[in-house]
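Treat the numbers as computed from the prediction; the structure is a model and nothing was measured.
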Amino acid sequence: MARTIRFNGTDSKNGGCPAVHELVGTDEFIVQGLPLTDPDDVAKLRFLGPDDVAVVVPRETLVNHGPKELERVPKLIDLEEFGRLFETFEHTAWRLETRGRYQSDEEDPTYGEFVRTGHFELDTEDEWSQLMRRQTSAGKTAGRVRVVDTPPTVGQLFLLADAPRNAAAGEDMRYLWRHEANARNLPAQDVWIFDSRLVALLRFDDADVLLGAEVITEPAEVNRYMQVRDAAMHGAVAYDRFAEQVASASDE
């Protein structure tokens, strides 16, 4: 079974080594750097096995991109505290949205109408839209990239039909197909990034109900999710163009 390797970061200015990767789901890391080849230097190393390779890595790379704790204790917040993040962010709020369904969507009356008819009336005066309009009118930036399966789930089609409501409130709404997200090694998790300094990993139960969020403020981890954001935004298309792609695929 292939293991998942996650890029944690590099301090190289041109994207080369040295770098640190993590073997997801394990306590192992991969340190990438220039090999130590001088025989005199190699001879001074202790416990270097016949199959081992020594690499040279700057202290800066390990400090910035290596783990800071032997076992990280997650900081959890409830829905009320999570909701306040959208009131208090100063500059940017951005989401990676990856799930096939959300229980909260299916509880909305418009969801049933969409399932029956394929259409519903957008409510641009709902609480979320009003909040986002206030924030974006104040010069703040909000947006998200949604990952969609092939073929899309009913829940994903519902959110695509609802995307103009988000856009009308000032959100930058973009989409990626699942295979494109996988090619970019994007995590299969929902995450909000606030002001490039705080990451909120959304937590759901088995019924797809949002329970709360895990908050991350450690700079190295935040930086990793900022790289996730860059990878997601690169190649993601606007919601209206993506809707055309979905319609074209359904006609084939």
Inset, instruction - Take Asn166 and Arg144, measure what side chain to side chain contact (heavy atoms under 4.5 Å, CB included) needs, and give me the verdict at the end. - result: CA-CA 10 Å; Asn166 299 84; Arg144 63 185 88 193; 3.5 Å; yes

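- Arg184 contributes a side-chain N or O that, together with a main-chain N or O of His234, makes up a donor-acceptor pair within less than 3.5 Å.
- For the residue pair Tyr239 and Glu171, no side-chain donor N or O sits within less than 3.5 Å of a side-chain acceptor on the partner.
- The salt bridge (charged side-chain N to carboxylate O under 4.0 Å, His left out) search around Arg174 returns Asp172, not counting sequence neighbours.
- Side-chain atoms of Thr88 and Phe194, non-hydrogen and from C-beta on, never get closer than 4.5 Å to each other.
- With rounding to the nearest 0.5 angstrom, the CZ atom of Phe242 is 4.0 Å from the CH2 atom of Trp177.
- For Gln227, there are no side-chain hydrogen bond (donor to acceptor under 3.5 Å, both in side chains) partners two or more places apart in sequence or in a different chain.
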Inset, instruction - Under the side chain to side chain contact (heavy atoms under 4.5 Å, CB included) rule, what do Leu122 and Asp162 come out as? Steps first, then yes or no, please. - result: CA-CA 7 Å; Leu122 298 176; Asp162 192 51; 3.5 Å; yes

Inset, instruction - Please assess Val148 against Gln156 for the test side chain to side chain contact (heavy atoms under 4.5 Å, CB included), listing each intermediate value before the final yes or no. - result: CA-CA 6 Å; Val148 174; Gln156 290 166 347; 3.6 Å; yes

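- The pair Arg241-Glu244 does not count as a salt bridge, with every side-chain nitrogen at least 4.0 angstrom from each carboxylate oxygen.
- Look at Glu90 and Arg197 and you find no salt bridge, because none of the NZ, NE, NH1 or NH2 atoms lies under 4.0 Å from a carboxylate O.
- Side-chain N or O atoms of Arg99 include none that pairs as donor or acceptor with a backbone N or O of Phe204 at under 3.5 Å.
- Side-chain N/O atoms of Tyr102 and Asp190 include a donor and acceptor closer than 3.5 Å.
- A distance of 13.0 Å separates CZ of Phe89 from CD1 of Ile193, quoted to the nearest 0.5 Å.
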Inset, instruction - Determine, stepwise, if the pair Met233 / Val145 fulfils side chain to side chain contact (heavy atoms under 4.5 Å, CB included). - result: CA-CA 7 Å; Met233 292 289 285; Val145 169; 3.7 Å; yes

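- Side chain of Gln32 to backbone of His21: no donor-acceptor contact under 3.5 angstrom is found.
- In terms of heavy-atom proximity, Leu186 sits nearest to Val228 at CD2-O, 3.7 Å.
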Legend entry - Criterion salt bridge (Lys or Arg N to Asp or Glu O under 4.0 Å) on Glu221 and Arg224, from CA distance to verdict: CA-CA 5 Å; Glu221 277 289 282; Arg224 184 172 68 80; 3.3 Å; yes

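- The residues Glu125 and Arg133 are annotated as salt-bridged, a charged nitrogen and a carboxylate oxygen being separated by less than 4.0 angstrom.
- The closest donor-acceptor contact from the side chain of Arg146 to the backbone of Arg95 lies at 3.5 Å or more, if one exists at all.
- Counting all heavy atoms, side chain and backbone alike, Ala93 lies closest to Trp192 at C-CZ3, 3.8 Å.
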